[in-house]
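To start, the structure itself, in structure tokens.
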Amino acid sequence: MKENPVYCAIDVPEIDAAGQLARQLRAHVGGLKIGKEFFYAHGQAGYEKLAGYGQNIFLDLKLHDIPNTVAAAVRTLVPLTPAYLNVHAAGGAEMMAAAASAADSAADEAKVIRPKMLAVTVLTSLSVADLNDIGVNGTPREQVLRLAALAAKNGMDGVVCSAEEVELLRREMGPNFNLVVPGIRPSGAPQHDQKRVMTPEAAIAAGADILVIGRAITQNPDPGRAAQAIADSLGMGE
């Protein structure tokens, strides 16, 4: 059976609620995404509690600062052994290269598996108008491709992008470039604050590697059943 590509976003600040979700989901998802809301509330101890349920972890902190600061942050995070760790591609070539180098050296020093380093391209909440407001000309697709190419040249293993850019990036970046996709909504689910969304089936068909799904699972009365239904739709049934 193929590896389950669904990572559930544990975007809650309460450690007991997060732990309950991790327990409910461990047989139904491929991993957990731990973001700023939880990590800032509970830090390393909270991270280790969720990781203790045996899931792969995407540590979604979107690091974005001067190269030295990002590299220092990466060195402190690598020993936690996340499967994926990310930075903002908008931080530039030098920052991404510093992050990749820090991940290599920290993994060697701690004798752990190096996380796959991802660069966030364009947030799925942003539209063409939003990009124009911050001085970026062109479409999200054009900006995503530009940033993905820069990321690949500077040590990143893949990018975080919307499903709308997956087919383009898979064609342009090749089969081994990791595409991690938030903004995934099962058919009929509300979009909330996401603007560039797609169903799980369509995203996988387009070439996505990892699907990050949050509220469609975590706000369901039965998160385990909701996650399993998505796995079933992708041919990952138990």
Side-chain angles (χ1 to χ4, degrees), residues 3 5-11 29-36 38-39 47 51 55-65 67 69-71 73-107 112-126 140-141 143-166 168-170 172-184 194 196 203-204 206-214:
E3 184 176 346
V6 175
Y7 276 48
C8 182
I10 307 296
D11 292 328
V29 297
L32 304 175
K33 190 213 77 163
I34 296 176
K36 294 178 180 179
F38 181 84
F39 196 82
Y47 175 97
Q55 293 282 13
N56 291 323
I57 303 294
F58 168 22
L59 186 51
D60 178 31
L61 299 184
K62 299 183 180 71
L63 302 173
H64 188 178
D65 212 309
T69 298
V70 168
V74 168
R75 283 191 288 271
T76 69
L77 296 169
V78 165
L80 298 178
T81 67
Y84 297 90
L85 178 63
N86 63 356
V87 304
H88 261 294
E94 185 179 350
M95 190 205 77
M96 286 189 281
S101 178
D104 290 338
S105 59
V112 298
I113 297 174
R114 175 190 182 277
K116 291 183 178 179
M117 297 297 296
L118 305 172
V120 178
T121 53
V122 175
L123 298 175
T124 53
S125 60
L126 298 181
R141 284 170 63 88
Q143 179 69 354
V144 166
L145 182 57
R146 182 182 301 117
L147 292 174
L150 186 67
K153 290 177 182 177
N154 289 281
M156 296 290 105
D157 301 297
V159 296
V160 180
C161 64
S162 93
E164 291 185 2
E165 292 92 44
V166 167
L168 170 67
L169 290 180
R170 183 57 69 216
E172 297 294 328
M173 306 303 297
N176 299 320
F177 196 64
N178 288 264
L179 302 179
V180 175
V181 184
I184 298 297
Q194 308 282 6
R196 293 160 27 248
I204 290 294
D209 294 302
I210 298 294
L211 308 179
V212 177
I213 304 177

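Residues take their numbers from the sequence shown, with the count starting at 1.
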Q) Where do L211 and A203 come nearest, in terms of heavy atoms and distance? A) CD2-CB, 3.7 Å
**Q.** Minimum heavy-atom distance V181-A163, with the two atoms named
**A.** CG1-N, 3.3 Å
Q. Looking only at heavy atoms, which two atoms of N56 and G30 are closest? And how far apart?
A. ND2-O, 3.6 Å
Q. With a 4.5 Å heavy-atom cut-off, do V180 and V212 have their side chains touching?
A. yes
Q: Starting at CE of M173, measure out to CG of L145 and round the result to the nearest 0.5 Å.
A: 7.5 Å
Q: With rounding to the nearest 0.5 Å, note down the distance linking CG in L123 to NE2 in H88.
A: 5.0 Å
Q. Between CD of Q143 and OG1 of T121, what distance do you get to the nearest 0.5 Å?
A. 8.5 Å
Q | Minimal non-hydrogen separation, G207 against V166, with atom names | A | C-CG1, 3.4 Å
Q. Which heavy-atom pair separates T124 from P182 by the least distance, and what is that distance?
A. CG2-CG, 3.8 Å
**Q.** Residue pair R114, V78: steps toward the side chain to side chain contact (heavy atoms under 4.5 Å, CB included) verdict
**A.** CA-CA 7 Å; R114 175 190 182 277; V78 165; 5.9 Å; no
Q: Would you check, one step at a time, whether the test side chain to side chain contact (heavy atoms under 4.5 Å, CB included) holds for N154 with M95?
A: CA-CA 9 Å; N154 289 281; M95 190 205 77; over 6 Å; no
Q. Ignoring hydrogens and geometry, is there a side-chain-to-backbone donor-acceptor pair from T76 to A73 under 3.5 Å?
A. yes
Q. Should we count CD of E94 as having more than 12 external heavy atoms under 6.0 Å?
A. no
Q. Has the side chain of D65 got a donor or acceptor atom that lies under 3.5 Å from a matching backbone atom of V70?
A. no
(Q) For the CG atom of L179 and the CG atom of L169, what is their distance to the nearest 0.5 Å? (A) 5.5 Å
Q. What closest approach, in Å, do A83 and Y7 show between heavy atoms, and which atom pair accounts for it?
A. CB-OH, 4.3 Å
(Q) Taking the side chain as everything from C-beta on, heavy atoms only, tell me whether P79 gets closer than 4.5 Å to V112. (A) no
Q: Quick one: list whatever passes salt bridge (charged side-chain N to carboxylate O under 4.0 Å, His left out) with R170, sequence neighbours left out.
A: D209
Q) So, does E165 use its side chain to make a donor-acceptor pair with the main chain of S162 at under 3.5 Å? A) yes
Q) Considering only heavy atoms from C-beta outward, does the side chain of V160 approach that of F58 to under 4.5 Å? A) yes
**Q.** Backbone of D157 reached by a side-chain donor or acceptor of N178 within 3.5 Å
**A.** yes
Q.
How long is the straight-line distance from CG of L80 back to CD1 of I57, given to the nearest 0.5 Å?
A. 10.0 Å
Q: Hey, could you give me the OG1/NE2 distance between T69 and H64, rounded to the nearest 0.5 Å?
A: 11.5 Å
Q) Is a side-chain N or O of N86 found less than 3.5 angstrom from the main chain of L61, in a donor-acceptor match? A) yes
**Q.** Contacts of A151 that satisfy side-chain contact (heavy atoms from CB on, under 4.5 Å) - sequence neighbours left out
**A.** M96, A119, M156, V159
